[in-house]
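Worksheet: the structure to be examined is printed underneath.
Numbers here are sequence positions counted from 1.
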Amino acid sequence: MIDQTGGADELHLAEVPDPRRVSDEVLVRIVAAGVNPIDAKTRAGRGVAGAIPAYPAVLGGDFAGVVEAVPYTAHPLQPGDRVYGMGRVPRVGGSYAELISVSSMSVTRMPVSLSFAEAAAVPLAALTAWGAVVDTARVHDGQRVLIHAAAGGVGHFAVQFAAYFGAIVTATASGRNADFVRELGARRVIDYTTERFEEVATDQDVVIDLIGNVTDATGTRSLDALRPGGLIVTVPTGSWPTMAEEAAARGIRSTGYSVAPDARTLSVITRLIDDGAVRVHVEQELPLEQGAEAHRLIEAGHVRGKLVLRVMPDPA
């Protein structure tokens, strides 16, 4: 938890009261929690820090664990079920904790083919990728799609979803991640450290921009890679406040995207995972008490797939 925003060392262990389940909420005992860039941004005073109602605050969006209590006897989920999902942090306490209480619409049974650590790495990143690629861009067979930060948490799902729906995927990643991204379904991988992507990936139908203008004007340069009438979906919109104006001046459609907990979509992703069509990559699992180190790693960039915090041992 954090007592105030600031550096990674603000994260520390402490005892707090158990969350109280109300209304449609499901109480879940957490086994593992995903670590996402939004967690680090919020801890640093950006992200959704402005909505933190009070301190101390527990961070963390996604989780995998075991149901402790449900709203009513005939609820589709039952105590003991293995589940995963994401909460509306900071409206509720986060997943860097032993317990979380979340809306029934935010949690579903986890894939039987995944461990708890792997499952915890899925919800926020996969739902973000699905929302950008499928719901917003409506990627389909034969489309030319460019995906930035393709080896990261959201990116490695975005590549797989776009390829699954038949897109011709071009991806940007570092050279060390090129083979990894190709294995996910990218037809072409551009090493952003040695090539200017807008010079080699042109006439794209869609750009899934997971960087924005935080680094090297990636968002603005992406407009050069799109055909007239193409679409750019930028997830970190705060980094590029002039996106809509710049895109419109070029005859390009643009939108941001913000993820929402959605158990129904997560159930679809679950089926894709259990069918072997989509996989999750966990680069490192750290114990909960090393949350600060996890944040330092995520802020340094270059994490392949996801980082996960281990909250408790796998249940028998």
Side-chain angles (χ1 to χ4, degrees), residues 108 111 113-114 118 121-173 177-192 195 197-211 218-219 221-235 247 251-260 262 264-281 304-306:
T108 190
S113 59
L114 296 186
E118 291 168 329
V122 173
L124 191 148
L127 286 170
T128 302
W130 185 277
V133 171
V134 183
D135 293 338
T136 304
R138 300 188 182 278
V139 166
H140 55 265
D141 189 59
Q143 271 193 317
R144 298 176 299 277
V145 178
L146 172 63
I147 299 173
H148 292 312
V154 176
H156 87 296
F157 285 116
V159 170
Q160 293 179 84
F161 294 152
Y164 179 83
F165 285 102
I168 301 166
V169 179
T170 300
T172 63
N177 286 320
D179 289 342
F180 170 70
V181 175
R182 287 192 191 95
E183 292 170 2
L184 298 175
R187 301 273 191 95
R188 181 178 188 178
V189 181
I190 298 170
D191 183 348
Y192 67 85
E195 296 181 280
F197 66 82
E198 70 273 24
E199 296 175 358
V200 293
T202 57
D203 207 32
Q204 299 292 302
D205 295 300
V206 176
V207 172
I208 304 297
D209 174 21
L210 304 174
I211 300 174
T218 298
R221 290 165 51 213
S222 294
L223 301 178
D224 293 329
L226 282 159
R227 63 168 176 80
L231 172 68
I232 182 166
V233 181
T234 297
V235 174
I252 290 168
R253 295 172 295 140
S254 66
T255 183
Y257 178 76
S258 295
V259 67
D262 184 347
R264 290 171 296 184
T265 298
L266 192 55
S267 293
V268 174
I269 294 169
T270 299
R271 289 196 294 272
L272 292 176
I273 291 171
D274 280 338
D275 287 345
V278 171
R279 62 189 176 99
V280 57
H281 180 81
R304 178 184 290 182
K306 289 289 294 289

Considering all heavy atoms of both residues, which atom of A158 and which atom of V133 are nearest to each other, and what is their separation? CB-CG2, 3.9 Å
Name the one of F161, Y164, Y257, F157 that satisfies ring-ring contact (aromatic ring centres under 6.0 Å, His included) with W130? F161
Ignoring hydrogens, what is the shortest heavy-atom contact between T136 and G131? Give both atom names and the distance. OG1-O, 2.7 Å
Is there a donor-acceptor pair closer than 3.5 Å between any side-chain N or O of H148 and the backbone N or O of I208? no
Evaluate V207 against L231 for side chain to side chain contact (heavy atoms under 4.5 Å, CB included), listing each step before the verdict. CA-CA 6 Å; V207 172; L231 172 68; over 6 Å; no
One should read off an interatomic distance between I252 CD1 and L226 CG, to the nearest 0.5 angstrom, of 5.0 Å
Whether E199 side chain and E195 backbone form a donor-acceptor pair below 3.5 Å: no
Do S222 and D209 get their side chains close enough for a donor-acceptor pair, meaning under 3.5 Å? no
Backbone of I190 reached by a side-chain donor or acceptor of T172 within 3.5 Å: no
Is D274 paired with R271 through a side-chain N to carboxylate O contact shorter than 4.0 Å? no
Should we say atom CZ of F165 is surrounded by more than 12 heavy atoms from elsewhere, each under 6.0 Å from it? yes
Heavy-atom donor-acceptor pair, Q143 side chain to I168 backbone, under 3.5 Å: no
dist R304:CZ -> F180:CZ (nearest 0.5 Å) comes out at 6.0 Å
Side-chain donor/acceptor of H140 to backbone N/O of R138, under 3.5 Å: yes
To the nearest 0.5 Å, how far apart are CG in N177 and CD in E183? 10.5 Å
At what distance, to the nearest 0.5 angstrom, does NE2 of H281 lie from CD of Q160? 11.5 Å
Counting only heavy atoms not in R227 (residues, nucleotides, ligands), do more than 12 fall under 6.0 Å from its CZ? yes
R144 side-chain N/O to D203 backbone N/O, donor-acceptor pair under 3.5 Å: yes
Starting at CD1 of I147, measure out to OG1 of T170 and round the result to the nearest 0.5 Å. 9.0 Å
Give a yes or no on whether the backbone of G229 and the side-chain of R253 come within a donor-acceptor separation of less than 3.5 Å. yes
Say you draw a straight line from CG of L272 to CZ of R279; how long is it, rounded to the nearest 0.5 Å? 14.5 Å
